[in-house]
Protein chains: 2
Amino acid sequence: MLSTAHTAHSAFAPMATMKPQLTTLDELFSTVPRESLDIGEGLFWQGDRAQHIFEISEGVLRIFKIIGDGRRVITGFLYAGDMVGLSLKDVYIYSAEAVTPVKVRRVTKKNFRDALENSPELRPQLFALMCDEMAAAQDQMVLLSRKSAEERVCSFLLLIAKRMHGDQQIGRSVQLPMSRQDMADYLGLTIETVSRTITKLVTRGVISPNGRHAFDIAKPGKLLALCGDGDSYEDAGERAVKTRQAVWPH
Amino acid sequence: MLSTAHTAHSAFAPMATMKPQLTTLDELFSTVPRESLDIGEGLFWQGDRAQHIFEISEGVLRIFKIIGDGRRVITGFLYAGDMVGLSLKDVYIYSAEAVTPVKVRRVTKKNFRDALENSPELRPQLFALMCDEMAAAQDQMVLLSRKSAEERVCSFLLLIAKRMHGDQQIGRSVQLPMSRQDMADYLGLTIETVSRTITKLVTRGVISPNGRHAFDIAKPGKLLALCGDGDSYEDAGERAVKTRQAVWPH
DNA sequence: ATGCGCTGTTACAAACTGTTACACGATTCA
DNA sequence: TGAATCGTGTAACAGTTTGTAACAGCGCAT
C-alpha cells in the first residue's frame with residue numbers, strides 16, 4: 001500500500017524534473033478542480049474503496065461511523081482547510097457527509113504519496129496534521145468518557161467558536177450549521193438532552209440564541225468554567241458546578 | 001530513575017552523511033539500552049517537556065489524561081512493540097505509567113526525525129502506525145459514545161484478547177494486568193459497574209475467571225455478539241468478525 | 001497463624017440521562 | 001391556502017448507571 005518507495009534518492013533530490021517541488025499541502029490540491037456537495041450529500045461511505053484524499057475548501061463535513069443496529073457516532077466535523085480520507089486501509093472506515101454545501105478537491109492516494117516522497121517540506125506538515133487530529137481525538141475521548149451533558153455541550157460550543165475564529169481566540173458568536181441530532185451523535189447524548197442543556201444555558205444567560213443555528217456567547221468566562229477542562233483554580237468539580245447552579249438564579 | 005538514559009543518544013549524533021540506512025522503526029530503537037520501570041512508575045507526565053520517543057519492549061503501559069477535578073481518562077494501554085511520545089507539541093499532553101514491570105527504549109525526537117528523513121522505508125511504517133492509532137481512537141469514541149456497560153466490557157475483553165495474540169486471532173484466555181479502576185477509567189465506567197458486569201458475564205458462562213486478572217473465554221461467539229460491533233458491512237473486509245467461523249469452529 | 005491494607009464484589013437508593021409523547025414553527029407541496 | 005412534513009422544544013416518566021457503603025478475598029508484614 002504505502003510501501004511504494006521506488007525513488008529512494010528522492011529525499012535528497014534537490015528538484016524533481018517533472019513535478020514542481022511543493023512546499024505546502026494546499027498546493028498539492030490547488031491544481032485540481034473543486035467539486036461540490038449539496039447538503040446531506042455523501043463524499044464517501046464507510047466500506048468504499050479508499051482511493052482519494054480530500055481537502056475541504058468550503059463548508060462543513062461530518063465524519064461518522066455506524067454500528068450494527070443503527071447507532072451513529074460522529075467522530076468529527078471538518079471545516080475548510082481540513083483533510084479527510086487519510087488512512088492506510090483499502091477501504092474507508094468511516095463515512096463523510098456534507099452538513100452545509102461543501103466544496104472539496106481530491107487527489108489520488110498515489111499522487112499524495114508521491115508528493116510526500118518528493119517534498120521533505122510536506123512531511124512535517126502531514127505529521128503535524130495527524131498529531132493534531134490525534135490530540136483532538138483524545139480530547140474527545142475525555143469528553144465522552146467523563147464529562148457531564150452540560151460540560152459536553154459547553155465544550156462543543158467552545159470548540160466550534162474557536163474553530164470559526166482561527167483556533168486562536170474564542171469568538172463571541174457561534175454558528176452551528178449541524179442539526180441537534182448531529183450534535184447529539186457527536187457528544188454522545190440524545191437530541192433531547194442537547195436541547196435541554198442548551199435551553200438551560202440560555203436561561204442562565206450564558207449564551208443567547210440568534211436563530212436556531214447560531215448563538216452569542218454572553219458570558220465566555222462562565223462557558224469556559226462549565227466546560228470541565230478545569231483550569232487549576234477549579235478543583236471542586238461536579239460539586240462546584242451544582243453549587244453554582246443553586247447560587248445563580250439568573 | 002531511568003539512570004541509563006543518557007549514554008545511548010550519542011550513538012546517532014555523528015555526521016549526517018554516514019547514518020546507517022534503517023529499514024524498520026525497531027532498528028532505530030534496537031541500539032539503545034533498555035530502561036526498566038516498576039509497577040506504577042511513570043515514564044513521563046502530562047506537561048513534561050517532550051524530548052523523547054519511546055518503544056515498549058516488554059510489559060504494559062497506561063496512557064492517561066487528568067482533568068481539573070481529578071477525573072482520569074485512560075486513552076490507551078500500550079504493549080510490547082508499541083511506540084509512545086509521538087507528538088509535535090513541546091510538552092507531553094498525556095501521562096504514561098507502568099501497569100506491569102516495563103522495559104522501554106528511548107530516542108530523542110531529533111534523532112527520530114533525522115532517521116525518518118534519511119530513510120524512505122521508515123516513513124510508511126510511521127504513517128501506518130499513526131493510522132492504526134487513529135482508527136483505534138475512533139473505535140474507542142464509538143465505545144464511549146454509544147455502547148452500554150456490557151458492550152464496553154466485552155469489547156475490552158476482545159481487544160485485549162486480540163492484542164495478546166498478535167492481533168490476528170482471538171485467544172481463548174485473556175490476561176488483564178490492569179486494575180478494575182484502570183479498566184473503568186478506560187471504558188468510561190465506574191469500578192463498580194465494571195465489577196458487576198464482569199460478574200454477570202461469569203454468571204452467564206460467557207467467561208470464566210482464572211484468578212482476578214485472567215479469564216478464559218468460554219463462549220467466544222457470545223462475547224462477540226455482546227460487544228456491540230454489529231455485523232455491519234464495516235467489518236466485512238478483513239476483520240476478526242469475518243474470521244470468526246475460522247477461529248472458532250463452534 | 002493473625003491482623004492489616006488494598007482490591008474487588010455486592011446491595012440499595014439516588015441521580016442523570018434516555019424514552020416517550022406531544023406541541024410549535026417553518027417549509028414544502030398539493 | 002391548507003395539509004403534511006421536518007426539525008426542534010418541552011414535559012412526564014422510565015431505566016441504566018452511579019454513588020455510597022458494607023462485606024469478602026487476597027497479599028503481606030508482624
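Values below: all heavy atoms of this structure, side chains included; hydrogens, waters and symmetry mates excluded. Chain letters run A, B, ... following the sequence lines, proteins first, then strands; residues in each count from 1.
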**Asked** With no hydrogens and no angle check, do the side chains of A:Arg196 and A:Thr193 hold a donor and an acceptor under 3.5 Å apart?
**Response** yes
**Message:** What I want to find out is whether A:Asp185 reaches A:Lys65 closely enough, with some N-O distance under 4.0 Å, to be called a salt bridge.
**Reply:** no
**Asked** For every nucleotide of nucleotides 14-21 of chain D, 5' to 3': is a protein heavy atom under 4.0 Å from its base (B), only from its sugar-phosphate (S), or from neither (-)?
**Response** ---SBBB-
**Prompt:** Atom CD1 of A:Ile191 to atom P of C:dA21: distance rounded to whole Å?
**Reply:** 16 Å
**Message:** By the definition side chain to side chain donor-acceptor pair (under 3.5 Å), identify the one residue from A:Arg106, A:Lys103, A:Arg105 that meets it with A:Glu35.
**Reply:** A:Arg106
**Complete:** Residue pairs meeting side-chain hydrogen bond (donor to acceptor under 3.5 Å, both in side chains), one or both in residues 205-215 of chain B, sequence neighbours left out, come to B:Asn210-B:Asp216
**Request:** Only one of A:Leu37, A:Ile39, A:Asp38, A:Val60 passes side chain to side chain contact (heavy atoms under 4.5 Å, CB included) with A:Val102; say which it is.
**Result:** A:Leu37
Polar atoms only, N or O, under 3.5 Å: list the protein pairs with nucleotides 22-26 of chain C and their distances.
none

**Asked** Roughly how many Å is it from CZ in A:Arg71 to P in C:dG18, rounded to a whole number?
**Response** 13 Å
**Prompt:** Hey, does the side chain of B:His213 come within less than 4.0 Å of C:dT7's phosphate (OP1/OP2), counting only N and O?
**Reply:** no
**the helix from C:dA1-D:dT30 to C:dA30-D:dT1: angle between end helix axes, five pairs per end, rounded to 10 degrees** = 30°
**Asked** How would you list, by chain and number, every residue that makes a side chain to side chain contact (heavy atoms under 4.5 Å, CB included) with B:Glu55, sequence neighbours excluded?
**Response** B:Asp26, B:Phe29, B:Met83
**Message:** Just to be sure I understand the geometry, which residues of residues 176-185 of chain A put a non-hydrogen atom under 4.0 Å away from DNA chain D?
**Reply:** A:Ser179, A:Arg180
**Asked** Can a side chain N or O of B:Ser195 be found less than 4.0 Å away from OP1 or OP2 on C:dT10?
**Response** no
